Amino acid sequence: MAKKKDTAEVEEKAEAPATAEETVEAEVAVEETVDVSGYTVEEVQAQLKPLSQNAFVRFWQKILRWWLGVWYGFSDKHPKLAPWIYKIFFFIVFSYGVTIWQFIVMAFLPYAFSGMGTDAVGWPNIPLVGKQMFVIFGDNNGWGPFIAFEIAVFTAQCINFPLQRNITYRSHGNPWYQAMWYFIGWVLVSLFTNTIWGVCNAYLTHWGCPEIVNALLKTILTGGVSMVIFFFIFMVIFPDNNKMAKKARAKYEKLVAANASAEKIAKAEAKMNLWETKAKKSNAESEYFKAKSQLNAAVMKYNTYVKASEKAAAEAQKAEEAAQAQNTEKATAKAAEAKQKAEVFPAKIEKAFETAVLAIKTRDEKKVVFEEAQAL
């Protein structure tokens, strides 16, 4: 049978589970009749991206494949809950990731500004406890630690913004507009967290806490507060496209029903079309990557059944030879049991092959929709 198309496209972002029995939720549903003509075993197996030759990398690839299969199965069963879990998970992972980055930078960068002095500087520089001053802009240990901290936080946000935008929220909005509001939010949040730290730092320094401990506490305190605030900021600058599209359409239909002015209706229609286009893009992207992951899941399931069938056939052959050699009732029963186990696999393999073919077709359909949506 002829091969259908080149498979280089399957260098995907998402991969699927490593074991067949644990991918029931993620398995693509098979219709009663699936046309498998035009597809060979080799073509189906070629859809699966080969595992790395490095044992360490291969181990984590298998974990990722297993997890993505479980995740997509969960998403299918809980379509409302899954998006929230996805957003919260990646938001926390990236937020803590950049917090670790801040801590690493703060552990070394202040020494680069050691020549700027260690006297308390800043504003409003109000006495708070002992000789320690309350400052918002500045630091009780000089300008060096303050500048180092602001550099650490700023670089962390430069890392955090694209990760949150492109992965957590999968936004298709204007990146410059969103970056502007993100920067404004960061400045306001920094003012708030710096005020909190201005009080805490004065007392910690008065109590004689080591600088490395101060840096750690500052990172955790200000980073934790910022993380909570930024979660809600992201909900504003990276809105859910489907909800916004639904809201925009409802407003448009309301204006039409109320016989509003042509100008208001035209503006509402333009806004509705804008949000519906964004929703189509994000939905097509999500469905395409999901289809690719489920294709990998289907191929992995097929390969697992093939390997299990070969193993079962070998065990059945071995048990049959043992039964002939021993000529005992127990050995004969064991051989019959092994043969029975091996006989169930051909049907499973056939069904798994149909599942994989259907997954290929689904992936190809989703790819067309995805490419059309990106061209909007």
Side-chain angles (χ1 to χ4, degrees), residues 13 83-99 101-102 137 149-195 222-255 260-289 369-376:
K13 295 178 183 178
W84 279 101
I85 295 177
Y86 174 90
K87 287 180 181 178
I88 293 173
F89 173 78
F90 278 103
F91 175 79
I92 292 175
V93 168
F94 293 144
S95 295
Y96 274 110
V98 297
T99 299
W101 165 260
Q102 289 178 213
F137 296 104
F149 178 73
E150 293 303 321
I151 291 175
V153 174
F154 181 75
T155 56
Q157 302 316 314
C158 290
I159 297 171
N160 193 40
F161 174 76
L163 291 175
Q164 301 287 9
R165 179 184 183 274
N166 298 324
I167 298 178
T168 305
Y169 293 89
R170 292 181 177 175
S171 175
H172 292 275
N174 187 319
W176 299 108
Y177 177 82
Q178 292 171 336
M180 178 191 73
W181 281 109
Y182 183 83
F183 178 76
I184 293 173
W186 172 66
V187 171
L188 295 177
V189 171
S190 295
L191 287 173
F192 179 68
T193 55
N194 283 357
T195 300
T222 59
V225 173
S226 297
M227 184 174 67
V228 174
I229 298 175
F230 268 116
F231 181 79
F232 295 100
I233 291 178
F234 286 146
M235 297 296 289
V236 175
I237 64 176
F238 303 137
D240 184 281
N241 292 330
N242 289 302
K243 289 182 179 180
M244 294 301 294
K246 185 177 180 180
K247 184 178 179 181
R249 174 166 285 277
K251 183 177 181 180
Y252 167 75
E253 292 175 349
K254 184 178 180 181
L255 290 173
S261 66
E263 182 180 357
K264 287 185 177 180
I265 292 177
K267 287 183 179 179
E269 184 178 15
K271 189 173 183 180
M272 176 188 69
N273 291 335
L274 175 64
W275 281 111
E276 288 186 344
T277 298
K278 290 181 179 180
K280 285 181 180 179
K281 287 184 177 181
S282 59
N283 292 339
E285 180 184 52
S286 177
E287 288 297 315
Y288 176 44
F289 291 130
V369 175
F370 170 72
E371 291 176 344
E372 291 176 349
Q374 298 309 302
L376 293 176

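Please read these numbers as outputs of a predicted model, since none were measured by experiment.
- Of the options F161, Y182, F192, F91, a ring pair (Phe, Tyr, Trp, His ring centres under 6.0 Å) to F230 is made by Y182 and by none of the others.
- Contact of the V236 side chain with the F232 side chain is not registered, since no non-hydrogen atoms from C-beta on lie closer than 4.5 Å.
- Residues F154 and Q102 have side chains not in contact (no heavy-atom distance under 4.5 Å, counting atoms from C-beta outward).
- Closest heavy-atom contact between N241 and S282: ND2-OG, 3.4 Å.
- Of all the heavy atoms in R165 and N174, the pair that sits closest is NH2-C, 4.5 Å.
- One finds no salt bridge joining E276 and K280 here, because no Lys/Arg side-chain nitrogen approaches an Asp/Glu carboxylate oxygen to under 4.0 Å.
- At a threshold of 4.5 Å between non-hydrogen side-chain atoms, the residues Y169 and P239 do not count as touching.
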Would you tabulate the side-chain donor-acceptor contacts of residues 260-271 under 3.5 Å, counting partners in other chains and residues two or more places apart, or write 'none'?
unit_1 : atom_1 : unit_2 : atom_2 : d
S261   : OG     : K264   : N      : 3.3

(Q) Pair K87, D240 - check side-chain contact (heavy atoms from CB on, under 4.5 Å), show working. (A) CA-CA 11 Å; K87 287 180 181 178; D240 184 281; 4.0 Å; yes
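- With values rounded to the nearest 0.5 angstrom, N166 atom CG is found 8.0 Å from F238 atom CZ.
- Annotation: side chain of Q164 is in contact with side chain of S95 (closest heavy-atom distance under 4.5 Å).
- Judged by distance alone, with hydrogens and angles left aside, the side-chain atoms of Q178 form a donor-acceptor pair with the main-chain N or O of I237 at under 3.5 Å.
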Q: Check the pair M227, N160 against side-chain contact (heavy atoms from CB on, under 4.5 Å), reporting the backbone distance first and the verdict last.
A: CA-CA 11 Å; M227 184 174 67; N160 193 40; over 6 Å; no
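- Scanning for side chain to side chain contact (heavy atoms under 4.5 Å, CB included) contacts around T155 gives W101, I151, with sequence neighbours left out.
- In this structure, N194 and F149 have side chains that are in contact, with non-hydrogen atoms separated by less than 4.5 Å.
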**Q.** K281/E285 under salt bridge (charged side-chain N to carboxylate O under 4.0 Å, His left out): CA gap, chis, key distance, verdict
**A.** CA-CA 6 Å; K281 287 184 177 181; E285 180 184 52; over 6 Å; no
Pairs of donor and acceptor atoms involving the side chains of residues 183-190, under 3.5 Å and at least two apart or interchain, shall be tabulated with distances.
unit_1 : atom_1 : unit_2 : atom_2 : d
W186   : NE1    : S190   : OG     : 3.3
S190   : OG     : W186   : O      : 2.7

Q.
Run the side-chain contact (heavy atoms from CB on, under 4.5 Å) test on V98 and F94 for me, step by step, so that the C-alpha distance in whole Å, both residues' side-chain angles and the decisive distance to 0.1 Å come before the verdict.
A. CA-CA 6 Å; V98 297; F94 293 144; 5.7 Å; no
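- Between I85 atom CD1 and F90 atom CZ the span is 12.5 Å, to the nearest 0.5 Å.
- Residues F231 and I88 meet the side-chain proximity criterion, which asks for heavy atoms closer than 4.5 Å.
- Side-chain contact check for N283 versus N242: some heavy-atom pair is nearer than 4.5 Å.
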